[in-house]
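Scope of the values below: all heavy atoms of this structure, side chains included, with no hydrogens, waters or symmetry mates.
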Amino acid sequence: MLSSFEKLGQYILLMRKVFTRPQKWRVFFNQLIKEINKLGVDSISIVIIISLFIGAVIVIQIALNISNPLLPRYTVGFTSREIILLEFSSTIMCLILTGKVGSNISSEIGTMRVTEQIDALEIMGVNSANYLVLPKTIGLMVFVPVLVVLSMFFGILGGFAVCFITHAVTIVDFEYGLQSFFKEFYIWYAIMKTIFFAFLIASISAYYGYYAKGGSLDVGKASTNAVVITSILILISDLVITDLMMG
């Protein structure tokens, strides 16, 4: 318990150092563009592939399990849309990105720590936390909503593909279900939720990397801990945010 409070205090102090005014705005914006490209743009392919196949699987599973003649066939499209918009493209996709992006951030900063590159920055008078962590955090928070919208689009596209190939449900029924009882707020809810998740992914991964000690094995351990803790906090946050925004 004491160790947890100590880590929480360290995290808060690190965030105070991170969210300060950059010493050179030009350097900050250059770093920001690099981080958006490295953490966000490079994740587009995996988001598209996962969304296509999971969207297809969701439609197949629902079509197989909703075989009650009392339920209209457009229920497949309606239910698939709700699952993709409310949970898969926001929460599940962020959990997947935690493994890819979070481990990348933690191992990169952790390697800089154990090879004393961060100490060198501090000696030169650079706020290392602000220089290293802020561009990653802002970059991820800016680009994750783009990945979420892409995930929604390709998840539904995967559903259309299954309807076209397998005829599990007609495309007309599936399209009608997608349009039925649609609430625009659900998209904004998913985007707002993922911005907070992006902050958790970047900041917690950076924290574990920044305070890594030892050698390469310790960097690997820090990266693993970052992914596990971030995943747990995303799930807890998802429950709390859903209760506050949808209750």
- Message: Can you see whether S90 engages Y189 through a side-chain donor-acceptor pair at a distance of less than 3.5 angstrom?
- Response: no

- Query: Okay, side chain of Q10, backbone of Y211: is any donor-acceptor separation there less than 3.5 Å?
  - Reply: no

- Query: Is L217 atom CG crowded by more than 12 heavy atoms from other residues, nucleotides or ligands, each under 6.0 Å away?
  - Reply: no

- Within a reach of under 6.0 Å around CZ of F181, are more than 12 heavy atoms found that belong to other residues, nucleotides or ligands? no

- Can you tell if the side chain of D119 reaches within under 4.5 Å of the side chain of R113, non-hydrogen atoms only? yes

- Query: Would you say Y131 has more than 12 foreign heavy atoms packed within less than 6.0 Å of its OH?
  - Reply: no

- Query: Does F28 CZ have over 12 foreign heavy atoms under 6.0 Å away?
  - Reply: yes

- Hydrophobic cluster membership, I236 vs V227, 4.5 Å side-chain cutoff: no

- Message: Can you confirm whether more than 12 heavy atoms, excluding those of L235, are under 6.0 Å from its CG atom?
- Response: yes

- Query: Does a side-chain N-to-carboxylate-O contact under 4.0 Å join K34 and E108?
  - Reply: no

- Message: In this structure, would Y210 and V18 fall into the same cluster of hydrophobic residues linked by side-chain contacts under 4.5 Å?
- Response: yes

- Message: Considering only residues two or more places apart or on different chains, which pairs with a residue in residues 198-223 satisfy salt bridge (Lys or Arg N to Asp or Glu O under 4.0 Å)?
- Response: none

- Query: Do other residues, nucleotides or ligands put more than 12 heavy atoms under 6.0 Å from F19 CZ?
  - Reply: yes

- With sequence neighbours left out, the residues meeting ring pair (Phe, Tyr, Trp, His ring centres under 6.0 Å) with Y208 are none

- Message: Does atom CZ (F53) have a neighbourhood of more than 12 heavy atoms from anything else shown, all under 6.0 Å?
- Response: no

- In terms of heavy-atom contacts, does NZ of K17 have more than 12 from other residues, nucleotides or ligands at under 6.0 Å? yes

- Are F88 and I241 connected, step by step, through hydrophobic side chains (Ile, Leu, Val, Met, Phe, Trp, Tyr) whose heavy atoms are closer than 4.5 Å? yes

- Would you mind checking if K183 and E82 are paired as a salt bridge, meaning a charged N to carboxylate O distance below 4.0 Å? no

- Message: Are F199 and L13 connected into the same hydrophobic cluster when the rule is that any two of I, L, V, M, F, W, Y join if their side-chain heavy atoms are below 4.5 Å apart?
- Response: no

